[in-house]
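Written below as structure tokens is the structure these notes are about.
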Amino acid sequence: MPHKVDVHVGQRIRQRRWLVGMTQQKLAEMVGIKFQQIQKYETGANRVSASRLWEIADALNIDVAHFFEGIENEKVNAGSTPSNVPADLVGDKEAMDLVRSYYAIPENQRRRLFELARVLSDVA
């Protein structure tokens, strides 16, 4: 059974890879491994060594610490997710595509879109 830290790191790798619009194949090529290994890292099936994590962080243009952010809050927040939000938001490809598209919008338009979304969802 995968360790929760390995699963968390894998989810953060996948999240960042999706946000930058990179395929598993491209990331694997950049770090010199096969894409199947990236799949195993992202599911937590295989642990990522420190040196490999450093290479992945470099390929994804992010600090290594990014992969560990939020791990201390996972246990505290488990079960505090609203029922209309997927339990694994990071693992939801549609949600990640939406986030990537959102940040591609110019900032002034992005703020207006955010306010519209809040009004439409009755969260405002």
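Just so you know, residue 1 is the first one in the sequence shown, and it goes up from there. As a basis for the values below, the full set of heavy atoms in this structure was taken, side chains included, without hydrogen atoms, waters or symmetry mates.
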- Note on the structure: What one should report as the nearest heavy-atom pair of P2 and G44 is CB-O, 3.2 Å
- Message: Testing the basics here: between Q37 and N46, what is the closest heavy-atom pair and its distance to 0.1 Å?
- Response: NE2-ND2, 3.0 Å
ILVMFWY cluster, [X] and [Y] together (side-chain gap under 4.5 Å):
X: I71; Y: I13; value: yes
X: V7; Y: I38; value: no
X: V48; Y: V5; value: yes

- Got a sec, which residues hit side chain to side chain donor-acceptor pair (under 3.5 Å) with S101, two or more places apart in sequence or on another chain? none
First locate atom [atom1] of [X], then atom [atom2] of [Y], and finally report the distance between them rounded to the nearest 0.5 Å.
X: Q24; Y: L27; atom1: CD; atom2: CG; answer: 8.5 Å
X: E115; Y: R110; atom1: CD; atom2: CZ; answer: 13.0 Å
X: H3; Y: H8; atom1: NE2; atom2: NE2; answer: 12.5 Å

- Item | salt bridge (Lys or Arg N to Asp or Glu O under 4.0 Å) contacts in which one or both residues fall within residues 31-50, not counting sequence neighbours | D6-R47, R17-E42
- salt bridge (Lys or Arg N to Asp or Glu O under 4.0 Å) partners of residues 54-71, not counting sequence neighbours, each pair once: R12-E69, R52-E55
Under the side-chain contact (heavy atoms from CB on, under 4.5 Å) rule, collect the residues that match up with [X], sequence neighbours excluded.
X: E94; result: D92
X: V64; result: L53, W54, A57, F68
X: F114; result: Y102, R118

- Message: Taking CG in N108 as the centre, count heavy atoms belonging to other residues, nucleotides or ligands within less than 6.0 Å. Is the count above 12?
- Response: yes
- Task: I would like to know whether V20 and N61 meet side-chain contact (heavy atoms from CB on, under 4.5 Å); could you show each step before the answer?
- Result: CA-CA 9 Å; V20 298; N61 197 27; over 6 Å; no
- Task: Would you check if F67 and I62 make a side-chain contact, meaning some heavy-atom pair closer than 4.5 Å?
- Result: yes
- Apply side-chain contact (heavy atoms from CB on, under 4.5 Å) to the pair Y41 and I56, showing each step before the final yes or no. CA-CA 11 Å; Y41 290 155; I56 291 171; 4.0 Å; yes
- Message: Can you tell whether the side chains of R111 and E107 come within less than 4.0 Å, N to carboxylate O?
- Response: yes
- Message: Can a side-chain donor-acceptor contact be found between Q15 and Q11 if the only test is distance below 3.5 angstrom?
- Response: no
